[in-house]
Q: 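Structure below; questions to follow.
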Amino acid sequence: MGSRLRLAPALTALLLAAPARALSGVDCAAPGADCGLRDVAVQAGVLVGSAAQPGFLTGDPLYAPALAADFNSLTAENEMKWQALQPSQGHFNFAPADALVDFARQNAMAVRGHTLLWADPIRIPDYVNATTDPASLRGLLQDHITTVASHFAGEVDAWDVVNEPFEVTSGAFRSNVFLDTLGPSYVAEAFRLAHAADPGAKLFLNEVLVEFGGAKADALRVLVQDLLAQGVPLHGVGFQTHLLDPFTQIDGAAFEATLRSFADLGLSLEITEMDVALLNSDPDRLQRQRDTYETMVAACLRVAECERITFWGFTDAHTWIDGTFGPGRAPLLLDAAYARKPAWFGVRDALVAGVPEPAVGLLLAAALLAARRRAPRP
Ligand code: XIL
């Protein structure tokens, strides 16, 4: 691994906020070093995060310590979605999301905002779906994004402004009240509103099933180029990376090429929601899962613009895969008893391989550049 320098603003901020934790003095790349994933990740120059739910912080005694031990970034799994924050018009409920932000602050973690606009009819409250007058719908969009992005300004370093604008398996815009009422320009509008409310946040378009390249990734690139050409404040693309069969046997080189094709447009990149659900009939499933995690993290580390890797949870005790795709697919890094699985070691090994020599040089350089944090973005 070459001596690359990757300086996510959130990472440099963490180095300043919690230098003792970040600069533990242990070389996590040394054989036998016992480091949490976050300690290795800092030395590799990336953030490593997990989705989290506030109920588990209080309801499961093993959850909070394990979350804080391995991760230096946190995404609200559901609590920052429109439905959660503004379930009825004009009535905002910030308490559950704020509890997650408090936890992150206490544990020197960055916070990803997810998501200002996931416009699927089932993800959006009925009063929004029912608003088909363009001016009224624009008013709702403006109120929601301005209120939410202002509320979390200074806490959230990156927002998934628009989540899943396309159909799941194609690059066609997905029908929803915003597309149907305002046309595709709703995407640009959402980014402009978010930027006006929080000029310091990095603004992402987040999509599913673009890791492999192909037609959907091509369509996303066209959309991104079009937005950038219009001067829309778009700073990054998020790759959800929910790897379910048959997509678990992903080619790392193909993912790297896809990442580079977006980096070439001048964007930051993140893995935003990774999990790897395997078939129970596969006798080698844990090893295969480990390989998939290692491959994907290594591909991200080979691309300088890939700044953060977030998993969609961390323990098989609590995963959306159980409820959505059926139980027993154990898609995460720790098992249901919070023991490290082969997958955890796959991520750790990929991060260790990404630590440049000497690690301390990277850390000092990062700290020196931290003053650039949160300068307004173009
Ligand atoms: C999921 C949550 O994990 C579930 O708890 C919830 O019931 C539905 O949403 N893509 C996304 C995430 O962008 O917001 C989704 O999260 C998973 C798929």
Side-chain angles (χ1 to χ4, degrees), residues 49-60 63 67 71 73-87 93 96-97 99-100 111-125 128-129 144-145 148 152 156 158-170 173-174 176 178 187 190 194 203-212 216-217 220 236-245 247-248 250 269-277 296 308-327 329-334 336:
S50 175
Q53 296 192 25
F56 301 139
L57 288 178
T58 49
D60 175 348
Y63 187 87
L67 178 62
F71 302 100
S73 177
L74 179 153
T75 304
E77 186 164 348
N78 292 305
E79 292 69 21
M80 292 190 189
K81 294 172 183 170
W82 191 319
Q83 191 70 267
L85 287 179
Q86 194 188 178
N93 175 23
L100 286 171
V111 181
R112 286 199 96 246
H114 176 81
T115 163
L116 291 171
L117 187 59
W118 188 6
D120 252 19
I122 61 161
R123 308 294 173 189
I124 284 287
V128 183
N129 282 320
H144 184 77
I145 291 185
V148 172
F152 293 108
V156 161
W159 269 108
D160 289 333
V161 176
V162 176
N163 192 39
E164 299 186 12
F166 289 162
E167 296 285 0
V168 174
T169 55
S170 87
F173 275 99
R174 209 188 285 197
N176 60 54
F178 293 94
V187 173
L203 304 183
F204 280 72
L205 197 56
N206 197 43
E207 253 301 354
V208 61
L209 289 182
V210 283
E211 297 79 41
F212 320 93
K216 185 168 180 180
L220 186 62
V237 166
F239 295 80
Q240 289 189 6
T241 323
H242 291 291
L243 298 176
L244 303 154
D245 282 308
F247 299 115
T248 47
I250 188 165
L269 310 169
E270 298 193 18
I271 293 176
T272 52
E273 308 184 14
M274 186 172 179
D275 47 22
V276 182
M296 297 303 279
R308 170 162 34 195
I309 299 153
T310 296
F311 305 103
W312 211 239
F314 59 97
T315 163
D316 291 337
H318 306 297
T319 163
W320 76 299
I321 295 287
D322 282 351
T324 309
F325 299 96
R329 291 167 192 248
L332 295 169
L333 304 183
L334 305 182

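Values reported hereafter were calculated over all heavy atoms of this structure, with side chains retained and with hydrogens, waters and symmetry mates removed. When a ligand or atom number is given, it counts from 1 through the structure's own listing order.
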Q: Indicate yes or no for a side-chain donor-acceptor contact from T324 to the backbone of I321 under 3.5 Å, with no hydrogens or angles considered.
A: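 Here the side-chain-to-backbone pair does not exist.
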Q: Which residues satisfy the side-chain contact (heavy atoms from CB on, under 4.5 Å) test with P121, sequence neighbours excluded?
A: N129, N176
Q: Who are the salt bridge (Lys or Arg N to Asp or Glu O under 4.0 Å) partners of K216, not counting sequence neighbours?
A: E207
Q: Which N or O atoms of ligand 1 sit under 3.5 Å from a protein N or O, and how far apart is each pair?
A:
unit_1	atom_1	unit_2	atom_2	d
ligand 1	3 (O)	E77	OE2	2.5
ligand 1	3 (O)	W312	NE1	2.9
ligand 1	5 (O)	E77	OE2	3.4
ligand 1	5 (O)	N78	ND2	3.0
ligand 1	9 (O)	K81	NZ	3.1
ligand 1	10 (N)	E164	OE2	3.4
ligand 1	10 (N)	Q240	OE1	3.4
ligand 1	10 (N)	E273	OE1	3.0
ligand 1	13 (O)	H114	NE2	3.3
ligand 1	13 (O)	N163	ND2	2.9
ligand 1	13 (O)	Q240	NE2	3.3
ligand 1	13 (O)	E273	OE1	3.2
ligand 1	13 (O)	E273	OE2	2.8
ligand 1	14 (O)	K81	NZ	2.8
ligand 1	14 (O)	H114	NE2	2.7
ligand 1	16 (O)	K81	NZ	3.3
ligand 1	16 (O)	W312	NE1	3.3

Q: Say whether N163 and Q240, considering side chains only, have a donor N or O and an acceptor N or O under 3.5 Å apart.
A: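 Yes, because at least one side-chain N or O of N163 sits under 3.5 Å from a partner of the opposite role on Q240.
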Q: Using the test ring pair (Phe, Tyr, Trp, His ring centres under 6.0 Å), find all partners of F311 that sit at least two apart in sequence or belong to another chain.
A: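 Here the qualifying residues are Y293.
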Q: Please work out whether the ring planes of F325 and W320 are parallel, tilted or perpendicular, with thresholds of 30° and 60°.
A: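 Because their plane-to-plane angle is over 60°, the rings of F325 and W320 count as perpendicular.
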